[in-house]
Amino acid sequence: MRAPPSAGGFNSPWTLAIRAAADQGRPRRAIALYLASLRSSCRPCPFALAAVLKSVPRLPEHAVLPAAASLHAHLLRLGLLSHPYPHAALSHLYSHLLPPHHNHARGLLDDAPTPLNRHSLVSSNSLLASLLRAGDIPAARAMFEAMPARDVVSWNSMVAGLAKAGHLDEAIEMFDQMPETNVASWNALVSGFMAQGHLAQAQELFERMPTRNNVSWITMISGYAKAGDVQAAANLFDRMGSKDLYAWNAMISCYAQNGCAREALGIFNRMLKPHIWVVPNEKTFSSVISACSQLGDLRFGLWVENFMGYVGVDLDDHLRTALVDLYTKSGRMDRAFDLFRGLRSRDVVSYSAMIVGCGMHGKLNEAVGLFKEMSKARIDPNAVTFVGLLSAYSHAGLLEEARACFTSMTSRYRINPSMEHYTIMVDILGRCGKLEEAFQLVMQIPVCPDASVWGALLLACRLHNNIELGEVVASKCFELEPQESGYYILLGNIYAQAKKWDKVKGLRKMMAERGLSKTPGSSWVHVA
DNA sequence: TAACGAGCGT
């Protein structure tokens, strides 16, 4: 009997396709292709299996461990566990999943039947990398020193690990000692400079690199994104030659995280153009949904949700949470609740998204209920949770409850109030006529209060027609945002109410001098 | 042409 056709060497079409899918960050496609290769009665290919194993960590979180376990069983059944490629890939996979010291990779390593030298070096590198990932620098250093053989990957791991842990000087020293470097060595160093905020030095190093790959470009782009330099990131993105999925994701996320929601959706559209057509994945959609949410663009969001089904991206908990945020912001609370209840596991982020949504729409009972529910589940609230809760109380006009909540946030949960918390408290105190207390609270803010805090207080002064405090507060607002006409109008209204027409006139003059005009629809004389 | 180097949601 003839052997079935082989999916054999690493150049067979199936194996190539599987490796391509794995490299593109499409784990489900890699697995599907592998299964298809078996169905078309190809012999299981160890190289293809290695690629599939490599892509497993990119599955949705809940699917990673089951996939690892069933592939492990599959390898055992086929007798391919001792083949160096899948063996190394499986060790590496386990070293991602488990802490390095009671590492499954260790066990696999010890059980391996007299591995090739090359194989043992790869496995050692994998273990070294997992020590560094766990942040155990001393153990990694000891292991590196004790290794009988090292290659460029061992050195790269050390350079990257040291740089990431903040030991930039040592990383540079190590880099200089390397017998040979490759593009990954340079990337590791560039990434270290970026992470420590040395942007100019990173850029200089980047320009000096003998060769650059996509990782080099993406490291720079996401570094600038984190530093908030959108323009620098965009310039690099434009200079980049062939952009892969990761590059598009980095740029979309850069825009979305820096408040440039329109630009984020713009380049998302660009990557879908027929002559570009890069298939988006989970990461793409989570940035895109976040951009929709910033714009309150429900219709595009609904289209995106549909489109995700079309390209075969399924709703994981991250995406559900992003959608919860979008739907609450667009007032679709029923839909948001459905998604929230469908979460595999709820955490502080998803609870907070839901509580903030309830706070925004005056659903006090629901907000408080969710807060109790998360406490019961022993999920600690964070600053965002309290933004939601406080705004729910504020919305309902419950001053005492808001005060108690604010106190418990700082004293019981040890959360430092942010400007947003202060703004909500000032707003409710002000609306309840406690102007003096609101002012005292503003004075207690340890850092310089921003315009939103002063603005809330000014609004309260207008509500209760307090000229003396209003003048003080308005001058702060003018100082912080001289071009914002709303503050002048609020103060003008306070003057008009008290029939201080000369003061109104003075304000008008001030506005004209600063090139401001009264926004249409707002009035300050007729209200009097 | 395994292992190192890119990363999400309030």
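Note on naming: letters A, B, ... go to the chains in the order of the sequence lines (proteins, then strands), and numbering restarts at 1 for each one.
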From CA spacing to verdict: ring pair (Phe, Tyr, Trp, His ring centres under 6.0 Å), A:F47, A:H83: CA-CA 9 Å; A:F47 306 104; A:H83 187 289; 5.6 Å; yes
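Atom NZ of A:K54 is separated from atom P of B:dA6 by 14 Å (rounded to the nearest Å). When the P atom of B:dA2 is taken as reference, atom CG of A:N182 falls 12 Å away, rounded to whole Å. Going from atom CZ of A:F47 over to atom P of B:dA2 covers 10 Å, rounded to whole Å. Distance, A:L93 CG to B:dC4 P: 11 Å, rounded to whole Å. Rounded to whole angstrom, the span from the CG atom of A:D325 across to the C1' atom of B:dC8 amounts to 13 Å. The CG atom of A:D151 sits 11 Å away from the C1' atom of B:dA2 (whole-angstrom rounding). Atom pair A:L389:CG and B:dT10:C1' shows a separation of 14 Å (rounding to whole Å applied). When rounded to the nearest whole Å, the span between CG of A:L127 and C1' of B:dA2 equals 16 Å.
Of the charged side-chain nitrogens involved, at least one lies within less than 4.0 Å of a carboxylate oxygen, so that A:R341 and A:E373 count as a salt-bridged pair. One finds a salt bridge joining A:D314 and A:R28 here, because a Lys/Arg side-chain nitrogen approaches an Asp/Glu carboxylate oxygen to under 4.0 Å. Comment: A:D23 does not engage A:R19 in a salt bridge, judged by the lack of any side-chain N to carboxylate O separation of less than 4.0 angstrom. A:R239 has a carboxylate O that lies under 4.0 Å from a charged side-chain N of A:E207, or vice versa, which qualifies the two as a salt bridge.
With sequence neighbours left out, A:R335 forms a salt bridge (charged side-chain N to carboxylate O under 4.0 Å, His left out) with A:E305. Taking A:F307 as the reference, A:W303, A:Y310 meet the ring pair (Phe, Tyr, Trp, His ring centres under 6.0 Å) condition, with sequence neighbours excluded. Legend: residues meeting salt bridge (charged side-chain N to carboxylate O under 4.0 Å, His left out) with A:D317, ordered by chain and number and at least two apart, are absent. The side chain to side chain donor-acceptor pair (under 3.5 Å) check on A:R141 picks up A:E170, with sequence neighbours excluded. For the side chain to side chain donor-acceptor pair (under 3.5 Å) test, no residue two or more places apart in sequence or in another chain qualifies with A:R332. Taking the ring pair (Phe, Tyr, Trp, His ring centres under 6.0 Å) definition, one finds that A:F337 meets it with nothing, sequence neighbours left out.
Between A:K164 and B:dA6 there is a side-chain N or O to OP1 or OP2 distance below 4.0 Å. Between A:S91 and B:dA3 there is no side-chain N or O to OP1 or OP2 distance below 4.0 Å.
Here B:dA2 is the nucleotide among B:dT10, B:dA2, B:dA3 with the atom lying nearest to any side-chain atom of A:Y85. Looking at the side chain of A:N213, the nearest of the listed nucleotides B:dA2, B:dC4, B:dG5 is B:dG5. Here the side chain of A:V122 is nearest to one of B:dA2, B:dG5, B:dG9, namely B:dA2. The side chain of A:R58 approaches B:dA6 more closely than any other nucleotide in the set B:dT1, B:dC4, B:dA6. When distances are taken from the side chain of A:K283 to each of B:dG7, B:dG5, B:dT1, the shortest belongs to B:dG7.
Side-chain atoms of A:T15 and A:S12 form a donor-acceptor pair, as typed in the model, at a separation below 3.5 Å. Neither side chain, A:H318 nor A:T321, offers a donor N or O lying under 3.5 Å from an acceptor on the other. Under the 3.5 Å distance criterion, with hydrogens and angles disregarded, no donor-acceptor pair is assigned to the side chains of A:T219 and A:N187. Side chains of A:S91 and A:S126: a donor-acceptor N/O pair is absent below 3.5 angstrom, by distance only.
Nucleic acid contact for A:V183: base, since at least one base atom lies under 4.0 Å from a heavy atom of the residue. Nucleic acid contact for A:Q257: sugar-phosphate only, since backbone atoms but no base atoms lie under 4.0 Å from a heavy atom of the residue.
Of the residues in residues 291-322 of chain A, those with a non-hydrogen atom less than 4.0 angstrom from any atom of DNA chain B are A:H318, A:T321. Residues from residues 342-351 of chain A lying near DNA chain B, meaning a heavy-atom separation below 4.0 Å, are A:D347, A:V349 in numerical order. Residues of residues 216-254 of chain A having a heavy atom closer than 4.0 Å to DNA chain B, listed by number: A:I218, A:S222, A:Y246. Using a 4.0 Å cut-off on heavy atoms, the residues of residues 357-386 of chain A that approach DNA chain B are A:N382, A:V384, listed by number. Contacts with DNA chain B (heavy atom under 4.0 Å) in residues 167-176 of chain A: none are found.
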Throw together a table of side-chain donor-acceptor distances under 3.5 angstrom for residues 222-229 of chain A, partners on residues two or more places apart or in other chains.
| residue | atom | partner | partner atom | Å |
| --- | --- | --- | --- | --- |
| A:S222 | OG | A:I218 | O | 2.8 |
| A:Y224 | OH | A:Q203 | OE1 | 2.6 |
| A:D229 | OD1 | A:A232 | N | 3.1 |

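Ring orientation note: the planes of A:F340 and A:Y351 are nearly perpendicular, at an angle over 60° on the 30°/60° scale.
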